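Scroll down for the structure; my scribbles are underneath it.
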Amino acid sequence: MFRFLMLSVLGLCVFALPGQARPVSYPGGVTVMTMNNGDRNSLHIHYSPTAFYSVGYLAEYWRESETTLQMVQVNNLLKRWNNKDSQANLYLKSGIGAAYSDYGDFDHDSDMAAFTGIAADWESRRFFVSYSNRYNDFGEFGDFYMQSGRVGIAPYIGDYGDLHTWLMLEIDHNPESSDPLTYTPMVRFFKDVHLVEAGMSDRGEVLFNYVVRF
Amino acid sequence: MKKLSIFLVLGVLVLSSPAWALSKQVDVKINGLVCDFCAQAMEKVFGKQDEVADISVDLDTKIVTINMKDGQNMDDDFITKLITDSGYNVEEIMRHE
């Protein structure tokens, strides 16, 4: 029943969902992102030499497997469509580094780790839609695939510099999980260089993301 | 006679100058300007240019207004390059004195 309600909300929100922070900034821009949900906590700091790629550091902690990742991440803007009232992007996101875990049979073990995935988004000032996927290979700690989609709507359209508000719904799909779908309604606030997202999933897990761009 | 010659030369110079040589304000209509991060990108990129006094961004009209310092200017090709290198597209450049 809850899923049905969530899908109904999603259907309504298809007109109005907001977007995720972009993985590539303007030339010379530095972005700090921290993302926290029921599965993981992450910190990603990247620098964009041009508007078409960024290089950065990624740290992730996966709660259930108690796995820590330290990686170099590269994000490439493969294609951008600039329209009069909207913008769409296609990105390739990849990382390579090390994974560490002390969980279960692991005893302070570490191994090489990598991931790669595609991210796409379309947004106007009123609506937002995005999709991303990621294949993870954490060496001896296993490999898995995951994907995520988002829709958003801005209840009002603010001018540049105003506080912008978005109502969003994120759906995460982890096929190997016993409960593969997670629905997270959230609210996004965006002002100046700061972006904050807060929500709670259908499992009762808190989502909190913060992005600042310099 | 000498003064007349100078005025004639000045007149010819003024009339033959490219339009951008006189414009202090340039309005650039840009495709893809949909959020504050896009607007900030324009402010950062143009703010670094010595010729620019200040800029403002209107997300409703998708117009970036660039005010030049006295005696300074940028040609259309350079403005277009800055915007294209930032990941956006120029639709139109309008100049005002």
Side-chain angles (χ1 to χ4, degrees), chain A residues 18-31 33 48-54 76-91 121-128 152 154 157-166 188-195 211-214, chain B residues 25-69 72-96:
Chain A
Q20 287 169 317
R22 293 184 187 138
V24 181
S25 181
Y26 52 81
V30 174
T31 304
M33 307 176 171
S48 299
T50 76
F52 302 98
Y53 77 100
S54 67
N76 293 282
L77 174 61
L78 301 177
K79 176 75 179 166
R80 172 170 287 172
W81 293 267
N82 286 311
N83 302 310
K84 205 168 269 186
D85 296 309
S86 66
Q87 183 188 104
N89 299 286
L90 182 64
Y91 297 99
D121 63 63
W122 173 89
E123 68 179 300
S124 66
R125 295 179 72 196
R126 175 71 72 182
F127 305 112
F128 175 85
I157 295 180
D159 291 330
Y160 175 40
D162 289 349
L163 173 68
H164 301 273
T165 303
W166 288 87
R188 166 187 283 185
F189 298 110
F190 180 16
K191 182 167 173 57
D192 299 327
V193 296
H194 306 281
L195 186 154
V211 178
V212 60
R213 182 166 283 184
F214 304 100
Chain B
Q25 181 184 313
V26 183
D27 289 340
V28 188
K29 190 157 192 178
I30 298 175
N31 284 337
L33 279 187
V34 293
C35 69
D36 279 23
F37 274 157
C38 307
Q40 288 159 14
M42 292 296 101
E43 286 190 340
K44 293 278 184 184
V45 167
F46 282 97
K48 287 179 186 170
Q49 306 304 313
D50 291 338
E51 299 91 336
V52 175
D54 60 73
I55 89 158
S56 61
V57 182
D58 187 332
L59 291 177
D60 290 331
T61 59
K62 311 289 187 286
I63 288 176
V64 172
T65 299
I66 308 163
N67 290 305
M68 302 294 175
K69 289 177 183 168
Q72 301 283 319
N73 226 312
M74 286 181 184
D75 63 34
D76 288 2
D77 288 345
F78 187 58
I79 290 172
T80 301
K81 180 177 174 6
L82 287 177
I83 291 167
T84 304
D85 288 350
S86 303
Y88 302 92
N89 298 126
V90 172
E91 187 174 303
E92 186 181 1
I93 297 177
M94 298 155 281
R95 294 184 175 272
H96 312 276

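Being a predicted model, the structure only gives us computed values, none of them experimental. Throughout, protein chains are lettered first and strands after them, A, B, ... in sequence-line order, and every chain is numbered starting at 1.
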Would you say the side chain of A:Phe190 lies within less than 4.5 Å of the side chain of B:Asp36, judging by non-hydrogen atoms? yes
Are any non-hydrogen side-chain atoms of A:Gln87 and B:Asn31 less than 4.5 angstrom apart? no
Once you round to the nearest 0.5 Å, how far does CG of B:Asp60 lie from CG of A:Asp85? 10.0 Å
More than 12 non-hydrogen atoms from neighbouring residues, nucleotides or ligands closer than 6.0 Å to NZ on A:Lys84, yes or no? no
Honestly, the part of A:Asn89 sitting under 4.5 Å from a heavy atom of chain B is neither
Atom group of B:Glu91 that falls short of 4.5 Å from chain A, counting heavy atoms: side chain
Separation of B:Lys62 NZ from A:Arg125 CZ (nearest 0.5 Å): 5.5 Å
List the steps and the verdict of ring-ring contact (aromatic ring centres under 6.0 Å, His included) for A:Tyr26 and B:Phe37. CA-CA 9 Å; A:Tyr26 52 81; B:Phe37 274 157; 8.7 Å; no
Spatial distance of atom SG (B:Cys38) from atom CZ (A:Arg22) [nearest 0.5 Å]: 4.0 Å
Between A:Pro27 and B:Ser86, what is the shortest heavy-atom contact and its length? CD-CA, 4.2 Å
Contacting region of B:Thr84 [heavy-atom separation from chain A under 4.5 Å]: backbone
Between B:Glu43 and A:Tyr160, is the side-chain contact (heavy atoms from CB on, under 4.5 Å) condition met? List the steps. CA-CA 12 Å; B:Glu43 286 190 340; A:Tyr160 175 40; 2.8 Å; yes
Calculate, to the nearest 0.5 Å, the distance between atoms SG and NE2 belonging to B:Cys35 and A:His164 respectively. 8.5 Å
When heavy-atom pairs shorter than 4.5 Å are enumerated against chain B, which of A:Asn83, A:Ile157, A:Asp192, A:Leu77 gives the highest number? A:Asn83
With rounding to the nearest 0.5 angstrom, report the CG to CD1 distance, A:Asn82 to B:Ile30. 9.5 Å
What part of B:Lys29 gets closer than 4.5 Å to chain A, counting heavy atoms only: side chain, backbone, both or neither? neither
Residue B:Lys48 excluded, over 12 heavy atoms near NZ under 6.0 Å: yes
Residue selection (most heavy-atom pairs with chain A, distance under 4.5 Å) from B:Asn89, B:Asp85, B:Val34: B:Val34
With only heavy atoms counted, which part of A:Val24 is less than 4.5 Å from chain B, the side chain, the backbone, both or neither? neither
